[in-house]
Amino acid sequence: MIRGRDLEKRYGRKRVLRGVDIAVVQGGFAVVTGPNGSGKTTLLRLLAGLALPTRGDLVVEADRSCIGYLAHEPLVYPELTAVENLDLFGRLYRVRERRERIGMLLERFSLWDARNERVSTYSRGMTQRLALCRALLHDPDLLLLDEPYSALDEAGATLLDRELEALAGTRTVVVATHDPERLAAFQSGGVALA
């Protein structure tokens, strides 16, 4: 599903990635690790089609409409409620039976009781849960998660663990994280950035 060879990304004179190779098979689960500033977020942006490599070859065999992407920023609208946010994204992705899917995800991520509150009133952890719902809403073939455990309390992290366990082997998943041990049970590949 993903094949990248000798990937490099520059922003002007600044080189963010250099000589990165990545291969993830359909249904594979890859973990991207490395210190801050090593290019984890940049690599996920390349895989999502949000940036192009400066050099190297990259093939991602997934239509952009079939990619779920969780960035550092939650990419939800704070002035809307959780239901309104997910309904908007559900319409954009043309999710069938979107109201049922929205309800299921809000329930699964323990946001049902706060579904009609504006996101601006949410804690950072609740907003992260909603962002995960947004990334999963259209049941993507490829899921790209950038530090998904960020801001989650232990209950939220356990919810995410369960979700990733259910997706492992059925969807292609790439996770950038500082805690690769947490994902060791799901992992079938990985990339370590310097």
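This chain uses plain numbering: 1 for the first residue, then up along the sequence.
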For Glu181, enumerate each residue passing the salt bridge (charged side-chain N to carboxylate O under 4.0 Å, His left out) test, keeping only those at least two apart in sequence or located in another chain. none

Going from CG on Asn85 to CG on Leu80, what distance comes out if it is rounded to the nearest 0.5 angstrom? 5.0 Å

Evaluate the side-chain proximity of Cys133 to Leu86: yes if any heavy-atom separation is below 4.5 Å, no if none is. yes

So the salt bridge (charged side-chain N to carboxylate O under 4.0 Å, His left out) pairs with at least one residue in residues 71-85 (sequence neighbours excluded) are none

Identify, with sequence neighbours excluded, every residue that meets ring-ring contact (aromatic ring centres under 6.0 Å, His included) alongside Tyr93. His138

The side chain to side chain contact (heavy atoms under 4.5 Å, CB included) partner of Phe29 among Leu143, Val173, Thr172, Val24 is Val173

Verify side-chain contact (heavy atoms from CB on, under 4.5 Å) between Leu152 and Arg129, making sure each step is shown before the conclusion. CA-CA 8 Å; Leu152 293 179; Arg129 288 183 193 202; 3.9 Å; yes

Please walk me through it: do Leu70 and Leu132 pass side-chain contact (heavy atoms from CB on, under 4.5 Å)? CA-CA 7 Å; Leu70 177 76; Leu132 286 161; 3.6 Å; yes

Near Arg115 CZ, under 6.0 Å, is it more than 12 heavy atoms from other residues, nucleotides or ligands? yes

To the nearest 0.5 Å, tell me how far Asp161 CG sits from Glu154 CD. 7.5 Å

For Asp179, enumerate each residue passing the salt bridge (charged side-chain N to carboxylate O under 4.0 Å, His left out) test, keeping only those at least two apart in sequence or located in another chain. none

Tyr69 vs Leu142 side-chain heavy atoms within contact, under 4.5 Å: no

Just to verify, what does Glu61 make a salt bridge (charged side-chain N to carboxylate O under 4.0 Å, His left out) with, not counting sequence neighbours? Arg3

The single option from Val16, Leu50, Leu7 passing side chain to side chain contact (heavy atoms under 4.5 Å, CB included) against Thr42: Val16

Can you tell me if CZ on Arg5 sees more than 12 non-hydrogen neighbours from other groups inside 6.0 Å? no

Arg101: what forms a salt bridge (charged side-chain N to carboxylate O under 4.0 Å, His left out) with it, not counting sequence neighbours? none

Is it true that atom CZ of Arg99 has more than 12 heavy atoms of other residues, nucleotides or ligands lying nearer than 6.0 Å? no

Please evaluate residues Asp146 and Thr41 with respect to the criterion side chain to side chain donor-acceptor pair (under 3.5 Å), reporting the C-alpha separation (whole Å), side-chain torsions for both, the decisive distance (0.1 Å), and the verdict. CA-CA 6 Å; Asp146 195 355; Thr41 295; 2.6 Å; yes

